[in-house]
Chemist: 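Next up is a structure, given as structure tokens.
Nothing fancy with the numbering, it's 1 onward along the sequence. These values consider heavy atoms only, across backbone and side chains, with no hydrogens, waters or symmetry-generated copies.
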Amino acid sequence: MSFNPNQGRKFAEVLKETPRVNDDSGKEVSSKESSNYIKREKRRPYTFSLMPSARTKLTEIAKEHGYSSSSSFLNDVILEGKLEMK
């Protein structure tokens with residue numbers, strides 16, 4: 001593969017060109033889409049301690065309610081305020 005000195009000039013010319021931007025960026029996002037975006041939070045890992053029997057019970061309850069992970073179940077229970085105190 002040989003070097004072509006004109007190749008560098010062609011790249012420089014292309015880079016100098018202003019990119020074309022669609023005017024679609026000015027359109028408003030529907031309220032439903034924007035509200036879902038605002039409500040969504042990134043998940044972060046937290047460490048806390050449980051007795052092994054409590055962990056087992058948490059996993060069982062999560063599976064009974066159709067959750068694939070106990071953390072997703074626990075997150076929903078806390079945010080929806082469905083904690084039952086006995």
Side-chain angles (χ1 to χ4, degrees):
M1 186 170 163
S2 65
F3 177 73
N4 183 351
N6 293 329
Q7 188 93 19
R9 290 185 197 127
K10 289 179 184 177
F11 285 134
E13 289 173 13
V14 170
L15 292 175
K16 287 181 184 178
E17 290 180 11
T18 57
R20 296 178 185 170
V21 180
N22 292 340
D23 287 349
D24 294 343
S25 62
K27 292 182 181 177
E28 290 186 29
V29 178
S30 71
S31 61
K32 183 178 179 182
E33 290 175 354
S34 63
S35 66
N36 287 340
Y37 178 76
I38 293 170
K39 290 180 183 178
R40 195 173 305 157
E41 294 180 51
K42 289 185 179 180
R43 291 181 174 247
R44 291 185 173 187
Y46 293 96
T47 303
F48 56 93
S49 300
L50 293 174
M51 293 183 294
S53 59
R55 174 64 179 169
T56 303
K57 184 71 174 175
L58 176 61
T59 303
E60 289 173 5
I61 295 170
K63 286 183 181 179
E64 287 174 7
H65 287 87
Y67 286 84
S68 59
S69 71
S70 55
S71 68
S72 294
F73 170 72
L74 192 57
N75 190 65
D76 285 353
V77 167
I78 292 169
L79 292 178
E80 292 177 13
K82 294 183 179 180
L83 285 174
E84 296 178 19
M85 299 293 179
K86 290 184 179 181

Chemist: Does anything in residues 53-68 pair up under side-chain hydrogen bond (donor to acceptor under 3.5 Å, both in side chains), and if so which pairs, sequence neighbours excluded?
Modeler: R55-S70, Y67-D76
Chemist: Under 4.5 Å between side-chain heavy atoms, counting indirect links through other Ile/Leu/Val/Met/Phe/Trp/Tyr residues: same cluster for I61 and M51 or not?
Modeler: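 Different clusters: I61 never reaches M51 through Ile, Leu, Val, Met, Phe, Trp or Tyr contacts under 4.5 Å.
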Chemist: Just verifying a value: how many Å separate L79 CG and E41 CD, rounded to the nearest 0.5 Å?
Modeler: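 If I round to the nearest 0.5 Å, the distance is 7.5 Å.
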Chemist: Who are the side chain to side chain contact (heavy atoms under 4.5 Å, CB included) partners of R44, not counting sequence neighbours?
Modeler: Y46
